[in-house]
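Working notes, structure below.
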Amino acid sequence: MTRSIPSTSLSIALTGSGGAGVMTAGQTLLDAAASCGFYGLMTRSTGPQIRGGEAAAMIRLSSKPVQSPGDRFDILLALDFENIQRFAAELPLDSASLIVADSAAGEMPGFLKDSGAAVGLVPMAKLAKGVPGGRVSMIALGVLARLLGLPESAIVAAVAASIGRKKPEALAASEKAVLIGAEAAPQVSVAKLAQPSAPSQRRWSITGNEATGFGALKGGVKFVGGYPITPATEILEWMAHALPQCGGVLMQAEDELASINMIIGASYGGAPSLTATAGPGLSLMIESLGLAVAAEIPLVVVDVMRSGPSTGIATKSEQSDLNIAVYGLHGDAPHVVTAPLSVADCLVTAQWSVHLAESLQTPVIMLSDQSLGQARVVIDRPDDVVFPTKRLVPEGPVDGYERYVLTESGVSPMAVPGFAGGQHTADGLTHNARGAPSSQASDHVGQLDKRQRKLDAFDFGERWAEIDGEGELAVLTWGSSSEPLREAIAEARACGVKVKRIALRLIAPAQPARLAAALAGVKRVLVVEQSHAGQFWRYLRANYDLPADVVPIRCPGPLPIRPGEAFAHIQEGARA
Amino acid sequence: MNMIPAAEKAFKPADYKSTVKPVWCPGCGDHSVLLAFQRALAELALPPEEVAVVSGIGCSSRIPAYTNCYGFHGVHGRSLALASGLKVARPDLTVLVASGDGDGFSIGGNHFLHACRRNIDLTYVVMDNRIYGMTKGQPSPTTEPDWDTAIAPGGTGLSPFHPLVIALASGANFIARGFSGDVGGCARLIVEAIKTPGFSFVQILSPCVTFRKDQQKAWKTLVHEAIVPETDDPARAARRLMTDDGFNVGVLYRGKRQPYQPKPLASFAPSHLESEFAV
């Protein structure tokens with residue numbers, strides 16, 4: 001079995017010192033390619049510095065939908081070599097790659113020389129100086145446009161859309177720089193992108209964090225409380241501008257202890273509520289998440305995971321908050337944990353998370369991560385999804401209202417302030433059906449049963465996982481690892497390997513009957529995740545009956561799981 | 001305060017009382033604070049379903065369940081944050097927050113600063129007994145330095161925290177002190193606190209009869225009506241609070257800050273925003 005290298009995509013890395021405009025240039029390139037009909041993905045890698053550190057925009061363009069990073073880079077364009085060695089592990093290059101560097105950048109670092117890639121030197125900084133108001137990043141975009149076969153006019157149009165036509169001088173300087181850069185592009189043959197067919201439907205350019213915000217809004221969120229934290233802040237920033245246009249408000253809290261409690265209060269007041277954070281913030285919220293479980297308050301906490309523990313690497317991804325999300329709460333505290341399967345999937349998973357929280361009157365933790373949240377994709381416009389989201393509330397006049405009445409579904413009508421006769425005290429203390437504090441065993445067990453029943457009795461539907469293919473070999477994965485696996489599996493199938501793909505969107509509560517059905521006939525399971533400790537694998541072992549032959553594939557962050565690496569594991573797994 | 005109905009309906013203090021029996025010790029000052037809550041709400045004729053009482057953890061924080069209002073008994077120290085979210089999401093409600101000196105000034109100290117700074121239209125009543133009662137007698141931020149306890153033998157040696165000064169410095173719009181021995185006086189302060197827009201802070205000296213047996217008798221003789229009238233001048237209020245003996249009761253400061261209340265701008269459907277993403 002040999003791997004067919006997909007010829008439909010090209011990967012480009014654009015690196016430079018922080019503040020040099022690398023990220024903006026990367027997005028401009030993506031926008032320009034999108035306007036020409038390409039799909040694409042841009043991930044970001046930065047050091048911890050605000051400015052003056054290192055930055056890499058990593059772009060993959062394709063004539064087919066693509067949401068996973070590729071295996072290697074076709075082109076590396078380095079504005080300078082300062083700190084570029086810090087990206088060595090993140091920039092796989094080979095003899096088919098092309099490195100474009102500035103002629104004045106000095107000695108090329110060893111890892112670049114050793115890659116065997118062809119080198120094209122362009123005096124980018126010097127050329128930029130020759131254009132009044134010209135920027136080196138615009139020269140670089142001109143170089144890339146020519147190498148990729150994108151029309152320079154597309155780059156100029158993307159710059160115009162981004163800086164606005166109100167600054168004609170800046171735009172004229174950019175246009176000139178782009179054209180000069182294009183003319184100065186190295187005369188080497190790079191695989192050009194196949195021209196895509198004209199889009200049959202509308203396309204979006206959206207980041208995972210924006211998609212999360214938009215999905216939450218579509219889910220009906222009306223209140224957001226949040227505290228800034230990398231890499232989740234963009235959700236809050238997007239919501240801060242979007243929410244007030246749709247009848248809601250956002251409040252910046254003094255810390256995560258406050259933000260979780262603000263949304264508990266707002267949700268108690270009847271407003272579907274959400275906060276967004278990362279691991280350190282989630283750690284602070286845990287006690288109050290237990291309160292939301294006990295008091296049965298619907299809310300969504302989006303955790304955009306980053307490498308941990310502790311402060312870890314704030315700017316880089318890892319799927320290592322699964323344990324805290326599932327097990328972090330003290331006491332027996334059933335709640336819901338979801339995970340988007342791709343950048344685009346952040347939209348529907350956020351919307352679904354709001355639906356689950358409101359329907360079940362319980363907190364939902366959505367585990368996104370940096371590789372999804374801060375990545376931008378160009379995708380076909382997602383289909384609209386409608387959930388029958390409705391919080392169960394008492395109807396009509398009530399007599400002897402009991403907030404936590406034991407029901408068959410476990411869900412009890414939740415009166416919101418203003419509703420006469422529905423007064424009760426929501427409480428983290430063990431309480432009786434009325435909500436009054438109780439330390440009696442019967443009340444404790446009755447309410448534990450009720451809260452567990454809410455999750456056990458609920459039909460999570462087909463959305464709990466994405467499953468396709470048949471075979472005695474299955475790949476079981478979750479969250480952001482799903483897209484590279486999807487690509488690797490497609491290639492493996494093209495090579496004749498029968499492999500089943502199961503990607504879990506619902507982490508908790510576990511769905512043993514559903515997974516058992518999905519694993520019928522499967523003899524070997526590869527469990528793939530981005531966690532050093534194998535948190536997902538251990539979670540599966542604890543909660544599911546798996547075939548005896550389970551191969552854990554534990555990839556620590558922050559390096560992304562690449563399709564080629566996943567393909568190799570599948571190839572190995574397919575051997576008897 | 002929002003919800004004074006046009007046609008005023010008569011309410012009695014008992015209309016705000018629930019059937020749940022308080023866990024407080026007989027003689028605890030918090031019983032009187034509960035009565036003061038009920039009288040104040042009746043005086044303002046606020047329908048119980050339009051009032052929310054939010055609290056954290058501790059003896060005083062048990063109060064929501066003893067009222068017939070909507071209530072939230074949350075986690076330790078976070079009541080102000082929870083109440084802030086509730087009030088911003090539901091500006092139509094009257095939101096009261098109940099706390100104690102441990103819940104409010106120690107574990108919840110940061111939220112206290114930011115609630116004052118934000119100046120959301122909340123009424124914050126802290127029942128201060130200078131001790132952790134529910135955990136059976138540990139020093140709180142307002143405990144005297146030489147108060148002997150098992151956890152701090154011989155006393156903490158630390159100066160007490162001055163919550164009123166901190167409230168003023170942090171931007172609270174209304175600052176008052178009451179004594180639970182005077183239910184009518186406390187009720188009047190709570191009425192004023194609710195009526196004054198923005199963040200209103202009422203410290204109620206509420207003796208602990210179990211772990212601070214000295215308090216009740218001593219405080220009865222120490223408290224006195226503030227001899228200077230209330231002021232809206234923060235500089236005057238600062239001087240006065242800094243030289244305060246801790247037993248002046250009454251309204252000590254009433255400012256003119258506008259409350260914080262973020263508002264939606266429009267009510268478009270989310271699809272209105274889709275064009276942001278269109279290529």
Side-chain angles (χ1 to χ4, degrees), chain A residues 31 34-35 202-206 210 214 217-218 222-223 225 242-251 253-255 257-271 273 287-288 290-291 295 378 381 384 415-429 435-437, chain B residues 18-20 23 47-54 57 62 64-90 92-93 95 110-111 113-115 117-118 260-274 276-279:
Chain A
D31 291 349
S35 72
R202 283 173 290 166
R203 298 252 171 99
W204 281 6
S205 169
I206 194 167
E210 288 169 346
F214 193 36
L217 210 56
K218 291 176 77 145
K222 290 284 187 270
F223 182 90
L243 201 50
Q245 298 181 57
C246 299
V249 290
L250 175 138
M251 251 174 106
E254 55 270 33
D255 54 30
L257 303 165
S259 50
I260 182 72
N261 279 283
M262 282 175 179
I263 70 168
I264 291 173
S267 179
Y268 174 73
S273 299
E287 183 196 15
S288 299
L291 171 64
V378 176
R381 180 192 180 280
D384 289 315
V416 297
F419 179 78
Q423 293 102 300
H424 64 279
T425 291
D427 209 322
L429 280 170
Chain B
S18 85
T19 56
V20 180
V23 293
E49 68 272 15
E50 289 167 9
V51 178
V53 184
V54 178
I57 294 294
R62 289 292 189 124
Y66 309 148
T67 74
N68 186 35
C69 304
Y70 277 89
F72 210 122
H73 181 214
V75 298
H76 199 19
R78 316 294 165 219
S79 56
L80 284 172
L82 198 151
S84 297
L86 175 58
K87 179 67 183 180
V88 166
R90 289 291 306 277
D92 56 311
L93 302 174
V95 181
N110 190 38
H111 307 303
L113 303 184
H114 291 279
R117 179 176 73 99
R118 233 175 244 123
Y260 172 77
Q261 177 60 55
K263 289 188 181 71
L265 304 171
S267 51
F268 293 118
S271 56
H272 175 73
L273 296 161
E274 187 182 321
E276 288 187 18
F277 307 120
V279 169

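The figures here come from the full heavy-atom set of this structure, side chains too, leaving out hydrogens, waters and symmetry mates. Labels below follow one simple rule: chain letters A, B, ... track the order of the sequence lines, proteins then strands, and each chain is numbered from 1.
Scanning all heavy atoms of the two residues, the minimum distance from L273(B) to C246(A) falls at CD1-SG, 3.7 Å. Nearest heavy atom pair, residue A436(A) against residue V20(B), reads CB-CG2, 3.9 Å. The shortest heavy-atom contact between Q423(A) and P48(B) is NE2-CB, 3.4 Å. Of all the heavy atoms in A271(A) and A89(B), the pair that sits closest is CB-CB, 4.1 Å.
Distance check: H424(A) NE2 to S18(B) OG gives 13.0 Å after rounding to the nearest 0.5 Å. For the atom pair F72(B) CZ and L291(A) CG, the distance stands at 4.5 Å (nearest 0.5 Å). To the nearest 0.5 angstrom, L429(A) atom CG is 6.0 Å from I57(B) atom CD1. Atom-to-atom distance recorded for M251(A):CE and Q261(B):CD is 8.5 Å, nearest 0.5 angstrom. A distance of 7.5 Å separates CG in D427(A) from CZ in R62(B), rounded to the nearest 0.5 Å. Rounded to the nearest 0.5 Å, atoms CG (L86(B)) and CG (N261(A)) are 12.0 Å apart.
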Inset, instruction - Might you work through the side chain to side chain contact (heavy atoms under 4.5 Å, CB included) test for L257(A) and V75(B), ending with a clear yes or no? - result: CA-CA 10 Å; L257(A) 303 165; V75(B) 298; over 6 Å; no
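For a residue to count as touching a neighbouring chain, one of its non-hydrogen atoms must lie under 4.5 Å from one of that chain's; by this rule H272(B) touches chain A with the side chain only. Using a 4.5 Å cut-off between heavy atoms, A65(B) touches chain A through backbone and side chain atoms alike. Heavy-atom distances place no part of I263(A) under 4.5 Å from chain B, backbone and side chain included. For R202(A), the part sitting under 4.5 Å from any heavy atom of chain B is the side chain, from C-beta outward, and nothing else. Proximity to chain A (any heavy atom under 4.5 Å) is restricted, for T19(B), to the side chain, taken from C-beta onward. Both the backbone and the side chain of A34(A) come within contact range of chain B, each with at least one heavy atom under 4.5 Å from a heavy atom of that chain. Contact annotation for V416(A): both backbone and side-chain heavy atoms come within less than 4.5 Å of a heavy atom of chain B. With a 4.5 Å cut-off on non-hydrogen atoms, F223(A) touches chain B through its side chain but not through its backbone. At a 4.5 Å heavy-atom cutoff, the contact between A420(A) and chain B is made by backbone and side-chain atoms alike. Using a 4.5 Å cut-off between heavy atoms, D255(A) touches chain B through its side chain atoms alone.
Panel note: side chain R90(B), backbone P417(A); a donor-acceptor pair is recorded below 3.5 Å. Under a 3.5 Å cut-off, the side chain of Y268(A) and the backbone N or O of G71(B) do form a donor-acceptor pair. In this structure, Y70(B) contributes its side chain and A426(A) its backbone to no donor-acceptor pair below 3.5 Å.
E276(B) has its side chain out of reach of F214(A): every pair of non-hydrogen atoms, C-beta onward, lies at least 4.5 Å apart. Side-chain contact between E274(B) and R381(A) is present, with heavy atoms from C-beta onward closer than 4.5 Å.
No other option in G270(A), A295(A), A415(A) has as many heavy-atom pairs under 4.5 Å with chain B as A415(A). Interface remark: of the candidates K263(B), H111(B), H114(B), H111(B) forms the most heavy-atom pairs closer than 4.5 Å to chain A. Heavy-atom pairs under 4.5 Å with chain A were tallied for C69(B), A266(B), S79(B), A278(B); the largest tally goes to A266(B).
In this pair, W204(A) and F277(B) present their aromatic rings tilted. The plane angle is within the 30 to 60° band.
For R118(B), the salt bridge (Lys or Arg N to Asp or Glu O under 4.0 Å) partners two or more places apart in sequence, or in a different chain, are E254(A).
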